[in-house]
Participant: 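Mind having a look at this structure? Questions to follow.
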Amino acid sequence: MSLCSILTSADITAAVNECKAPDSFDFRKFFKTCGLKQKTESQIREAFHVLDNDKSGFIEVEELQNFLQLFSSGARLLTAAETKTFISAADHDGDGKIGEDEFVELVLHY
Ligand SMILES: [Ca+2]
């Protein structure tokens with residue numbers, strides 16, 4: 001399973017291009033442009049499992065740094081400020097990482 005089987009490559013390219021400049025990443029805009037926000041909950045759960053690269057059941061800070069590269073291998077790393085904003089928006093239970101339900105909530109309802 002890869003993100004390309006859930007999203008179109010044109011939408012992924014557009015989303016990655018929108019946040020090329022460091023510290024310009026906005027997860028709300030990104031999820032909308034890449035098309036994930038318009039997908040079904042089960043497809044969003046599939047995307048979560050791709051982004052949880054080490055299959056720990058959570059997206060951790062280290063995985064978030066590589067977030068854009070999981071969409072497009074040539075993309076940049078997220079900055080420390082961007083990963084911090086991303087985690088704090090999603091992390092309702094305060095464990096410092098993003099669980100599957102927190103991810104669905106973030107994509108669909110934030
Ligand atoms: Ca993980």
Side-chain angles (χ1 to χ4, degrees):
M1 176 63 61
S2 92
L3 292 166
C4 303
S5 58
I6 304 170
L7 307 169
T8 71
S9 61
D11 286 347
I12 291 174
T13 303
V16 168
N17 280 340
E18 273 181 352
C19 57
K20 264 194 170 154
D23 290 323
S24 69
F25 177 74
D26 175 337
F27 62 85
R28 277 159 292 205
K29 197 172 158 191
F30 186 88
F31 288 141
K32 203 171 167 190
T33 305
C34 79
L36 194 60
K37 196 177 173 69
Q38 295 84 291
K39 299 294 173 187
T40 64
E41 184 176 324
S42 71
Q43 287 172 310
I44 294 169
R45 288 183 188 277
E46 280 174 32
F48 173 85
H49 292 297
V50 176
L51 295 167
D52 175 18
N53 208 18
D54 65 358
K55 309 296 170 214
S56 68
F58 296 94
I59 301 175
E60 288 90 356
V61 177
E62 303 74 44
E63 287 166 337
L64 263 194
Q65 287 172 346
N66 299 319
F67 178 85
L68 292 176
Q69 296 178 341
L70 292 169
F71 286 84
S72 169
S73 56
R76 68 178 175 89
L77 293 173
L78 290 185
T79 67
E82 288 168 331
T83 57
K84 202 175 163 202
T85 306
F86 202 151
I87 295 242
S88 42
D91 183 20
H92 297 305
D93 60 11
D95 62 2
K97 49 197 183 179
I98 303 176
E100 187 174 330
D101 290 340
E102 288 175 336
F103 183 74
V104 172
E105 176 80 19
L106 184 75
V107 174
L108 286 180
H109 305 299
Y110 196 93

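First listed ligand is number 1; within each ligand, the first listed atom is number 1. Values below: all heavy atoms of this structure, side chains included; hydrogens, waters and symmetry mates excluded. Count residues from 1 along the sequence.
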Participant: Are F27 and F67, when compared by the centres of their aromatic rings, separated by less than 6.0 Å?
Facilitator: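 When the ring centroids of F27 and F67 are compared, they turn out to be at least 6.0 Å apart.
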Participant: Using the rule that two of Ile, Leu, Val, Met, Phe, Trp, Tyr join whenever any of their side-chain heavy atoms come within less than 4.5 Å, decide whether I6 and V104 are in one cluster.
Facilitator: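 They do share one cluster, since a chain of ILVMFWY contacts under 4.5 Å joins I6 to V104.
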Participant: Centroid separation under 6.0 Å, is that true for the rings of F30 and F86?
Facilitator: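 Judged by ring-centre distance (under 6.0 Å), F86 and F30 do not meet the cut-off.
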Participant: Are K97 and D52 close enough for a salt bridge, meaning some N to O gap below 4.0 Å?
Facilitator: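 The answer is no: the pair does not qualify as a salt bridge.
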Participant: Given the rule in the side-chain hydrogen bond (donor to acceptor under 3.5 Å, both in side chains) test, do E18 and T33 qualify, once you have shown the distances and angles that lead to the verdict?
Facilitator: CA-CA 9 Å; E18 273 181 352; T33 305; 2.9 Å; yes
Participant: Taking everything shown except K37 itself, do over 12 heavy atoms lie less than 6.0 Å from its NZ?
Facilitator: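 Counting other residues, nucleotides and ligands, NZ of K37 exceeds 12 neighbours.
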Participant: What protein N, O or S atoms come within a distance below 3.0 Å of the Ca ion (ligand 1), ordered by chain and number?
Facilitator: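 Hits for the Ca ion (ligand 1) below 3.0 Å: D52 OD1, D54 OD1, S56 OG, F58 O, E60 OE1, E63 OE1, E63 OE2.
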